[in-house]
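Indexing begins at 1, ligand by ligand and atom by atom, following the structure's order. Position 1 is the first residue of the sequence, and the numbers go up from there.
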Amino acid sequence: MDLLKKINIGIVCYPTFGGSGVVATELGKALAKEGHKVHFITYNQPSRLDFLNENLFYHEVEFRSYPLFEYPPYELALASKMVSVVKNEKLDLLHVHYAIPHASAAYMAKQILKSQGIYIPVVTTLHGTDITLVGRDASYEPVVTFSINQSDGVTSVSRDLKKETYEFFDIQKHIEVIPNFIDLEKFKKQKKDHFKKAICPNGEMLIVHTSNFRKVKRVDDVIHIFGNLHKEIPSKLLMIGDGPERNMVEQRSREMGISDDVRFLGKLEAVEEVLSVADLFLMPSEKESFGLAALEAMACEVPVISTNTGGLPELQVQGVTGFMSNVGDVEDMTRKALFILDKNNLPSFKINALKRAQEFDITNILPRYETYYQQILELSAQPTTN
Ligand code: GMT
């Protein structure tokens, strides 16, 4: 028997390829399949919102510019849109992903609605850079602290991110850890032998990196590790994604004389197709609150070489699903990558990566969000003075 009430929920997120947007969209899709009604509120159709379902809705935040505005006030347009969707669609709950500016916009929407006699509980999910990088900057910190404390529920994607949040912000709220998840129907090893043959015609090892190519991802380290590996074994590197560091690393690979074996593929819709033919995934990030891209790789049976930062030790199992090294230790990462790529070792790493990924199957994690929503709705049935 289905004990959980079906709810009408608004999900606010970034619609881009970034981790928080992906998690929010996949969560919404899964909730819709379970019979909840899900309203996405954002400035563009979320990139992973790729199927139709009678329970899924999309509300675009339109914001007008005006010659006076050097910076169009997106947060105000978002808050106004939240007010209108909550009222017109009779939402039960708002779930905002990434604190900046979604949590503060939700607070404003909640206050406006309260002035009209409508009570809407707000759940904020902290994803990573909203806490570890951007949020702690003095230009945002007071608003981030306030809006987290004003949320009815707060979740974080790893224990480490929860710890960091308490360390750097004056937070009085309980933070519920709900790890990220993976849809194993989508992310699974597919038979793509022709593709592998085209990229690695002589049976080379295929190394993959995906990210937004921001400084925090240390893409320069990816090139260095690959440069080291390339000296030892026939190998190719595929770089997926795009961002500010891309030109620099393209140039670096030319300087190192390895550019013929490094391909930059840009942003890809079906990253799982590339992961299906990969032998190793590199994630040498400076910070990573969870490492969703690594989980996607593991689900496609790809072992991971990563740093031991943030939430990565909560995902990776050292020496089992791959290895973790200190940030910047490219020599250690190279040694460990060579160990994994040894033909005697690779098969078991691949199997173990998949086994670990299965623990994060969306079917295991979704009920945790549903139970959490239920708790928040019950607690919020008695409105506080917030
Ligand atoms: O990785 C990014 O820079 C994107 C960022 C985001 O919020 O879109 O990702 C963060 O959230 C992901 C989903 O929860 C996590 O898997 C990533 O580890 C986290 N990124 C960082 O902490 C740098």
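With sequence neighbours excluded, the residues satisfying side chain to side chain donor-acceptor pair (under 3.5 Å) with Lys215 are Glu245. For Glu272, the salt bridge (charged side-chain N to carboxylate O under 4.0 Å, His left out) criterion is met by Lys186, not counting sequence neighbours.
Note on ring orientation: taking the six-membered ring where Trp is involved, the planes of Phe146 and Tyr107 are perpendicular (angle over 60°, cut-offs 30° and 60°).
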*Can you list the steps and then say if Tyr119 with Asp152 is a side chain to side chain donor-acceptor pair (under 3.5 Å)?*
CA-CA 11 Å; Tyr119 182 75; Asp152 299 274; 2.9 Å; yes
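Within the structure, every pair that satisfies the salt bridge (charged side-chain N to carboxylate O under 4.0 Å, His left out) test and touches residues 323-335, not counting sequence neighbours, is listed here: Asp332-Arg335, Asp332-Lys336.
One finds no salt bridge joining Asp242 and Arg214 here, because no Lys/Arg side-chain nitrogen approaches an Asp/Glu carboxylate oxygen to under 4.0 Å.
Closer than 4.0 angstrom to ligand 1 lie heavy atoms from Gly18, Gly19, Ser20, Val23, Tyr98, His127, Gly128, Thr129, Val157, Asn180, Asn212, Arg214, Lys217, Lys287, Glu288, Ser289, Phe290, Gly291, Leu292.
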